[in-house]
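Proteins come first, then strands; the chains are lettered A, B, ... in the order of their sequence lines, and each starts at number 1.
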Protein chains: 2
Amino acid sequence: MNLMMISLKLLLFMNLSIIIITCKANPNQQGQPEGVDFDQYAGYITLDANKGKALFYYFVESPQNSSTNPLLLWLNGGPGCSSLGFGAMEELGPFRINSDGRTLYRNPYAWNNVANVIFLESPAGVGFSYSKTSSDYAKIGDSITALDSYTFLVKWLERFPHYKTRDFFITGESYAGHYVPQLAHTILSYNNIAASNHQTVINLKGIAVGNGWIDDNLCTKGMYDYYWSHALSSDESHSGIEKNCDYVSGNFSNECIKYMNMADVEVGDIDIYNIYAPLCDSSSSSKSPGNDFDPCSDHYTKSYLNLPEVQKALHAKATNWSSCSLVGWTDSPASILPTINRLISSNISIWIYSGDTDGRVPITSSRYSINALKLPVQTPWRSWYSANQVGGYVVGYKGLTLVTVRGAGHTVPSYQPQRALTMISYFLNGELPPKN
Amino acid sequence: MNLMMISLKLLLFMNLSIIIITCKANPNQQGQPEGVDFDQYAGYITLDANKGKALFYYFVESPQNSSTNPLLLWLNGGPGCSSLGFGAMEELGPFRINSDGRTLYRNPYAWNNVANVIFLESPAGVGFSYSKTSSDYAKIGDSITALDSYTFLVKWLERFPHYKTRDFFITGESYAGHYVPQLAHTILSYNNIAASNHQTVINLKGIAVGNGWIDDNLCTKGMYDYYWSHALSSDESHSGIEKNCDYVSGNFSNECIKYMNMADVEVGDIDIYNIYAPLCDSSSSSKSPGNDFDPCSDHYTKSYLNLPEVQKALHAKATNWSSCSLVGWTDSPASILPTINRLISSNISIWIYSGDTDGRVPITSSRYSINALKLPVQTPWRSWYSANQVGGYVVGYKGLTLVTVRGAGHTVPSYQPQRALTMISYFLNGELPPKN
């Protein structure tokens, strides 16, 4: 279903800048507060020296139990958006950026409290990642992203060999609903070859996909149903969509598209990635750092990551960094459900989680996608707790777990950092989130 | 449909205390901040001196334009809950109560900015309102409430005669979805008699019902659909309800009730009146006064209104005040839609509004109820604005307007005070809320 894919891409795509690389360890992150008690690394892994293709990462170890905590890879979606700009600086990273766009403050609910976390800018062309061979950009898509991310991991483990046997998890959100299962599948496929060649076997234990774009048709249906059930659109557009849109074939008639467009207009100018959040409004003062996510954070991130001293500290040469890049995408399967099905039979842990106030890839989309797998329920729907409050809901299927995060938008750890940390802690421990 | 009515009542009913009355004007509200720039009145209107039946009110005039601003009556629901304890002290009144339970702070978005507001504790038996004739409590229900509230208004206007010809509006929420249309209908009926007898004609211009319980069956259907679409309940309970519950007849089978109960349990321990809000948690510090509504406000209100000096300032004798009372309710029509239909033909302004994060009487319930009226759409669904953000959505039907308030729970002005004030200002001006 091309319609939504196009809008998904157009929404996030911006211009691309290419930079020259260098790679060192232990950056002193510019503008960070006093008392940082963990190690940080940033730089490049060269995938192909001939082509000059390299991926940028930011790696944060745990303040405590770093030598035993698992290794976790975080991937943002888009496709073409930066895990550094979103995941690291606005979601689950150890710091967030103050409204001055220059200084950082500590995120008490950073995921490096429970894991050693790699933020990867992927594929080449995103953020600080690049290729010197311009033809590389002509074939960017899901396949290259999965393969290059796998190559990155193998080479990264050569640089950090003490992590080779560590429990490894892949997490990500949005279009990473493609990236995460595809990378997991690539790892499991290559692990067999690597094992027989005495090469690095990646110790993959599980994946967690947040508000993931899993199936074009079912996610689109979930989105318009969410609009209507959350009182963002009219009865007229909803019944028009119900009547005219064929989500089985995905061949949408002009009449169907007319009503989809009508619903899109009716929603109006809200942050569809968190339907109750304010938009960044330059006329009002921005929020102080705290529990409430500042809606202007994207601006602070762009300012911060474009400071020459920050790029230097991160071992990235001067460049015009932007949060999302790439304007072409050569391959994108209409559904990632077959991949998920294959992963289920491999017995790794699979969690689909969803912030329930996201309208772009909403909880309805995740539910419809999972339902299509027709998995039997093993643990019935129940609430789970974080800090004495219901953090959301969980239902365990055979081979897959669905977890919701109450009051969280598309970027779950931005809006509910404490609940997100509780959730990921239990995921990494192989347990369902707590009953009370 | 008795099931829901019972649960609605049980949920809110508490013990009742009866007090001796007195009635004076101009209380100096105990614990209020400096610089109060409007007049306040509190006390009783005796409905029946022989029976010793009297209703308690708290009246706040506007700081500016009080002599031209309209007169607005606010009614809380329950049935049996206090407009003083909820509406005045936690929603749209000029003050809210600090966590000390003794002092007040100013609500900058109080509705007396745009209207002179009466908060009425109704019927007798609620809050400070009482009857000395205990048999009065045996026949409490919708009819008595409407009739006594009408009698209250006529007598109140004798005490404040300069308001007799003022534009008059009735507002309220929840079970006031019964009270407000019924009182409006009572006023219009008696106005004809009053006019011919040269008695007081109440200048009723419009009504606004918030998250109103309008139709037992459609509101119940709306509630369970909201649970499911907002990811509070499972696919299993939802399909069980869909299959087994007959919302046309309202005769619910045991199988239907089994799945309703299942959904109720699945939702777990959240504030169903605002599904994303925290519960009052005595283990964590309560919020500071500000934009975020303190979930422990009910406790502060109970403390405050039970202070002897406060009861004295309000001209209410010492009593054990509680927010909700009454354990029996003799009459409650299954649907208030016929009453609303009659009001539509009287040409008063009718607004149904809804905070969209309320799960108890959700926006789905309001939409289903309005849809049953089969009114043609005159102004298509669109967003409206307050303080540069989308405040919610509005759709204009012939004779009735639906307005949603984005991010607001059951008690709309508690959670979105600025948006609620914008909305009510436009309502009082006879205009739809603004397009930008």
Taking every heavy-atom pair that is under 4.5 Å apart, which of [options] has the most such pairs with chain B?
| options | answer |
| --- | --- |
| A:Asp235, A:Thr357, A:Asn371 | A:Asp235 |
| A:Tyr226, A:Tyr385, A:Trp228 | A:Trp228 |
| A:Val267, A:Val377, A:Val265, A:Val395 | A:Val267 |
| A:Ser383, A:Ser233, A:Gly407, A:Gly268 | A:Ser233 |

Restricting to non-hydrogen atoms, name the atom on [X] and the atom on [Y] that form the minimum distance, rounded to 0.1 Å.
| X | Y | answer |
| --- | --- | --- |
| B:Ala263 | B:Ile241 | CB-CD1, 4.2 Å |
| B:Pro362 | B:Gly222 | CG-O, 3.6 Å |
| A:Val412 | A:Ala420 | CG1-CB, 4.0 Å |

Q: Sort B:Ile363 into side chain, backbone, both or neither according to what part of it lies under 4.5 angstrom from a heavy atom of chain A.
A: side chain
**Q.** Residue among B:Asp298, B:Asp294, B:Asn107 satisfying side-chain contact (heavy atoms from CB on, under 4.5 Å) with B:Glu90
**A.** B:Asp298
Q) If you tally heavy-atom pairs under 4.5 Å against chain A, which of B:Asp225, B:Leu279, B:Thr404 wins? A)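 Looking at each option in turn, the highest pair count goes to B:Leu279.
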Q) Taking every heavy-atom pair that is under 4.5 Å apart, which of B:Met262, B:Arg367, B:Glu266, B:Arg382 has the most such pairs with chain A? A) B:Arg367
Q: Could you tell me which portion of A:Ile275 (side chain, backbone, both or neither) has an atom closer than 4.5 angstrom to a non-hydrogen atom of chain B?
A: backbone
Q. Between OG1 of B:Thr364 and NE2 of B:His230, what distance do you get to the nearest 0.5 Å?
A. 7.0 Å
Q. Got a donor-acceptor contact below 3.5 angstrom from the A:Asp215 side chain to the A:Leu337 backbone?
A. no
